Asks: 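I have a structure I would like to understand better, so I am pasting it below and will then ask my questions one at a time.
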Amino acid sequence: KQEVTQIPAALSVPEGENLVLNCSFTDSAIYNLQWFRQDPGKGLTSLLLIQSSQREQTSGRLNASLDKSSGRSTLYIAASQPGDSATYLCAVGKAAGNKLTFGGGTRVLVKP
Amino acid sequence: DGGITQSPKYLFRKEGQNVTLSCEQNLNHDAMYWYRQDPGQGLRLIYYSQIVNDFQKGDIAEGYSVSREKKESFPLTVTSAQKNPTAFYLCASSWGGVPDNEQFFGPGTRLTVL
């Protein structure tokens, strides 16, 4: 059974510092990995989708890497801003039905 | 505007009642999903549907039921058999049930049992 872990559960950084968020998974036979952002009481916003054949994806200040063999993905957020404060969730997808297995999330606070 | 809508935003249920949560999408997506989120935890899959008139159980389907009579709609019923229904419920959709497709989420419904 696939298990997805995100450590740390919470992170606080001063504005301007780069953020590094970690995601690990136990079964390397994944088809994709998706990073989401969730604001308190809100739904999920998709940030990046990495296909299993890809090593990384970039969007603006966000960069996500994927190492299937070691079961890890890292989300980098450059030059953090207070507006980046949110919970970040990673999820891995498998073939049948594109079902996602989620990690518990990392709650990020960027201090002005 | 294309997107996923969920209603109501907040729902209160008495013990023994069945309640139905609405999920509608106008993205023309084939696949739809229901997830449950408990405080401080990630999401867990309840049910999913890859095509109209077909759906499959996810990891925690007990006490829940769904229907998929229209492509754009995937309502979730929380029955009295669900022992601990208080949670945040999220609906999602994607172009299909194939692995490469990104999932998009609605704003969620918060269900509280009184």
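Only a predicted model underlies this, so the values are computations on that prediction, with no experimental measurement involved. Chain naming here is simple, since letters A, B, ... match the order of the sequence lines and numbering starts at 1 in each.
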Asks: Step through the shown structure and confirm whether more than 12 heavy atoms of other residues, nucleotides or ligands are within 6.0 Å of CD on B:E62.
Replies: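 Counting neighbours around CD of B:E62, 12 or fewer heavy atoms of other residues, nucleotides or ligands fall under 6.0 Å, so no.
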Asks: In terms of heavy-atom proximity below 4.5 Å to chain B, should A:Q6 be classed as side chain, backbone, both, or neither?
Replies: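 It is neither, since no heavy atom gets under 4.5 Å.
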Asks: Could you see if B:L90 belongs to whatever hydrophobic cluster contains A:L47? Use Ile, Leu, Val, Met, Phe, Trp, Tyr and a side-chain cutoff under 4.5 Å.
Replies: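 No.
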Asks: Identify the heavy atoms of B:Y35 and A:L100 that sit nearest to each other, and give their distance.
Replies: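 For B:Y35 and A:L100, the tightest heavy-atom pair comes out as OH-CB, 3.6 Å.
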Asks: Non-hydrogen atoms of chain B under 4.5 Å away: do they reach the side chain of A:L44, the backbone, both or neither?
Replies: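 Contact with chain B involves both backbone and side-chain atoms of A:L44.
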Asks: Sub-3.5 Å donor-acceptor pair from the side chain of A:Q34 to the main-chain atoms of B:Q103, do we have one?
Replies: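 Looks like yes, one N/O pair under 3.5 Å.
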Asks: Side-chain heavy atoms nearer than 4.5 Å, only ILVMFWY residues, links allowed to pass through others: does that put B:Y89 and B:F74 together?
Replies: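 They do share one cluster, since a chain of ILVMFWY contacts under 4.5 Å joins B:Y89 to B:F74.
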Asks: Indicate if B:F105 and B:M32 have the same hydrophobic cluster label, given that clusters are the connected sets of ILVMFWY residues with side-chain heavy-atom separations under 4.5 angstrom.
Replies: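 B:F105 does not cluster with B:M32.
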Asks: According to a hydrophobic-cluster definition based on side-chain heavy atoms being under 4.5 Å apart (Ile, Leu, Val, Met, Phe, Trp, Tyr only), do A:L33 and A:I77 belong together?
Replies: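 Same cluster: A:L33 reaches A:I77 through Ile, Leu, Val, Met, Phe, Trp or Tyr contacts under 4.5 Å.
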Asks: Heavy-atom distances under 4.5 Å only: say whether B:L43 touches chain A with side chain, backbone, both or neither.
Replies: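 Contact with chain A is through both the backbone and side chain of B:L43.
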Asks: About how many Å separate CD of B:E102 and CG of A:L48, when rounded to the nearest 0.5 Å?
Replies: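 Going from the CG atom of A:L48 to the CD atom of B:E102 covers 8.5 Å.
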Asks: Of all the residues in residues 13-24 of chain A, which have a heavy atom that comes within less than 4.5 Å of a heavy atom in chain B?
Replies: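 Not one residue of residues 13-24 of chain A has a heavy atom under 4.5 Å from chain B.
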Asks: List the atom of B:F88, the atom of A:K42, and the distance in Å for their closest heavy-atom pair.
Replies: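 Minimum heavy-atom contact is CE2-O, 3.3 Å.
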Asks: Around atom CD of A:Q54, are there more than 12 heavy atoms from other residues, nucleotides or ligands closer than 6.0 Å?
Replies: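 Yes, because the 6.0 Å sphere around CD of A:Q54 holds more than 12 heavy atoms from other groups.
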Asks: Take atom CZ in A:R107; do more than 12 heavy atoms of anything else shown fall under 6.0 Å from it?
Replies: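 Not more than 12 within 6.0 Å, no.
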Asks: Say whether B:V66 and B:L11 are linked into one hydrophobic cluster, either directly or through other cluster members, by side-chain heavy-atom distances under 4.5 angstrom.
Replies: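 B:V66 and B:L11: one cluster.
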Asks: Does atom CG of A:L109 have more than 12 heavy-atom neighbours, drawn from other residues, nucleotides or ligands, at distances under 6.0 Å?
Replies: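 Enclosed.
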Asks: Test side-chain contact (heavy atoms from CB on, under 4.5 Å) on B:R44 and A:F102; report intermediate values, then the result.
Replies: CA-CA 7 Å; B:R44 292 180 291 168; A:F102 281 82; over 6 Å; no
Asks: Can you tell me which portion of B:Q37 sits under 4.5 Å from chain A's heavy atoms? Options are side chain, backbone, both or neither.
Replies: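 Side chain of B:Q37 only, per the 4.5 Å heavy-atom cut-off to chain A.
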